[in-house]
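In what follows, chains are A, B, ... by sequence order, proteins preceding strands, each numbered from 1.
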There are 2 protein chains.
Amino acid sequence: MNENIIKQFKKGVLDIVILKLLSQQEMYGYELVSELNRRGESLNIKEGTLYPILYRLEDEGLVETRWEQAASRSKPKKYYKVTEKGIEAMTEAYSQWKAIARDITNIMEGTP
Amino acid sequence: MNENIIKQFKKGVLDIVILKLLSQQEMYGYELVSELNRRGESLNIKEGTLYPILYRLEDEGLVETRWEQAASRSKPKKYYKVTEKGIEAMTEAYSQWKAIARDITNIMEGTP
DNA sequence: ACCATATACTTTGTATAACAAAGTATATGG
DNA sequence: CCATATACTTTGTTATACAAAGTATATGGT
């Protein structure tokens with residue numbers, strides 16, 4: 001139980017925070033990485049972590065993509081936004097997470 | 001992202017709640033299962049989940065075991081208690097979890 | 001006494017996720 | 001011109017929760 005415990009703690013929760021950020025603003029992958037790193041130091045992720053998550057969310061129909069070319073002859077970027085289904089999945093999953101977080105807090109903090 | 005998301009949310013956190021419960025009271029495995037199921041519905045686990053965790057925690061020196069025979073000719077039970085090292089690991093890991101939980105809450109609840 | 005159920009522990013195999021590490025390609029600033 | 005940043009992708013590794021099954025003893029009800 002070293003620092004790789006952090007890797008375990010992140011499992012599953014990255015999905016919901018990514019969906020949340022994408023529900024507030026359409027973003028492309030690389031942008032999401034920096035946004036996540038800015039928003040919470042403990043949720044830092046690398047590209048090799050984010051992109052597979054995005055592909056999975058897309059396969060599940062929770063996000064939609066769109067290639068956009070900023071300027072002509074510039075390299076297009078792949079923009080992600082959340083679908084209706086994605087909002088529902090995120091809401092449901094977050095509710096589950098809150099229940100677990102509450103139980104953990106109860107056990108760790110008090111009521112022995 | 002179905003109900004198996006719950007399985008992901010549990011990753012890592014079971015360690016810390018198990019260590020916490022064992023720090024409050026020495027227990028044997030089967031007892032821990034029912035205690036956990038009683039304490040937080042969302043943290044329900046089966047024996048096949050708990051025992052491997054206990055073996056791992058023991059390998060890491062975070063818990064110690066002791067076989068105790070309740071009555072003569074009764075089947076002995078394997079009691080677990082936390083070591084000093086276990087307390088430290090739990091405290092550290094819980095602190096990490098709180099940091100992540102805080103970041104998640106910030107992203108999910110507010111400050112857009 | 002019998003037997004279904006509960007207790008208690010163990011093992012095997014599976015699915016999934018985060019990550020490291022590397023690669024590809026374009027854009028940009030000094 | 002070229003090192004660095006941007007942007008996306010892929011492969012292989014490791015760790016964990018879980019289902020499912022098995023073993024063995026204990027116990028309560030009829």
Handout entry: 5' priority, DNA chain D, between A/Lys75 and A/Pro52 [closest heavy atom]
Key = A/Lys75
Exercise for the section: Would you kindly compare A/Tyr79 and B/Ile53 by the position of their nearest DNA chain D nucleotide and give the one closer to the 5′ end? Expected result: A/Tyr79
Respond yes when some side-chain nitrogen or oxygen of [X] is under 4.0 Å from OP1 or OP2 of [N], and no when none is.
X: A/Tyr28; N: D/dC8; value: no
X: B/Lys46; N: D/dA19; value: yes
X: B/Lys7; N: D/dA19; value: no
X: A/Arg56; N: C/dA15; value: no
X: B/Tyr30; N: C/dC9; value: no
X: A/Tyr55; N: D/dT9; value: yes

Exercise for the section: Answer yes when A/Glu60 and A/Lys85 have at least one side-chain N-carboxylate O distance shorter than 4.0 Å, and no when they do not. Expected result: no
Over how many whole Å does the gap from [X] atom [atom1] to [N] atom [atom2] extend?
X: A/Asn44; N: C/dC19; atom1: CG; atom2: C1'; value: 13 Å
X: A/Leu57; N: C/dA18; atom1: CG; atom2: P; value: 10 Å
X: B/Ile16; N: D/dT16; atom1: CD1; atom2: P; value: 13 Å
X: B/Ile6; N: D/dA19; atom1: CD1; atom2: C1'; value: 16 Å
X: A/Gln69; N: D/dC8; atom1: CD; atom2: P; value: 14 Å
X: A/Leu14; N: C/dA17; atom1: CG; atom2: C1'; value: 9 Å
X: A/Leu32; N: C/dA18; atom1: CG; atom2: P; value: 14 Å
X: A/Ile5; N: D/dT16; atom1: CD1; atom2: P; value: 7 Å

Handout entry: Any donor-acceptor pair under 3.5 Å from B/Tyr28 side chain to B/Trp67 backbone
Key = no
Problem - Donor-acceptor contact present, side-chain A/Asn37 to main-chain A/Ile45, <3.5 Å - result: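 Checking the backbone N and O of A/Ile45 against the side chain of A/Asn37, a donor-acceptor pair under 3.5 Å is found.
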Students often get this wrong, so: under 4.0 angstrom with heavy atoms, is [X] touching a base, only sugar-phosphate, or nothing?
X: A/Lys77; answer: sugar-phosphate
X: B/Gly48; answer: base
X: A/Glu31; answer: nothing

Handout entry: N/O donor-acceptor pair, side chain A/Lys10 with base C/dA17, under 3.5 angstrom
Key =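 Side chain to base: no pair below 3.5 Å.
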Taking any strand in view, what nucleotide pairs with [N] in a Watson-Crick or G-U wobble way, both distances under 3.5 Å?
N: C/dG30; answer: D/dC1
N: D/dT30; answer: C/dA1
N: C/dA17; answer: D/dT14
N: D/dA7; answer: C/dT24

Problem - Flag for B/Gln96-A/Ser42: side-chain donor and acceptor within less than 3.5 Å - result: no
Compare the minimum distances between each of [options] and the side chain of [X], then state the nucleotide with the smallest one.
X: B/Tyr51; options: D/dT9, D/dC18, C/dA8; answer: C/dA8
X: B/Lys11; options: C/dT10, D/dT9, C/dT16; answer: C/dT16
X: B/Ile45; options: C/dT10, D/dC18, C/dT16; answer: D/dC18

Problem - A/Ile87: which of A/Leu22, A/Val82, A/Leu62 passes side-chain contact (heavy atoms from CB on, under 4.5 Å) - result: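 Single side-chain contact (heavy atoms from CB on, under 4.5 Å) partner of A/Ile87 among A/Leu22, A/Val82, A/Leu62: A/Val82.
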Exercise for the section: Count the heavy atoms belonging to other residues, nucleotides or ligands that lie under 6.0 Å from CD of B/Glu68, then report whether that count exceeds 12. Expected result: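 Yes.
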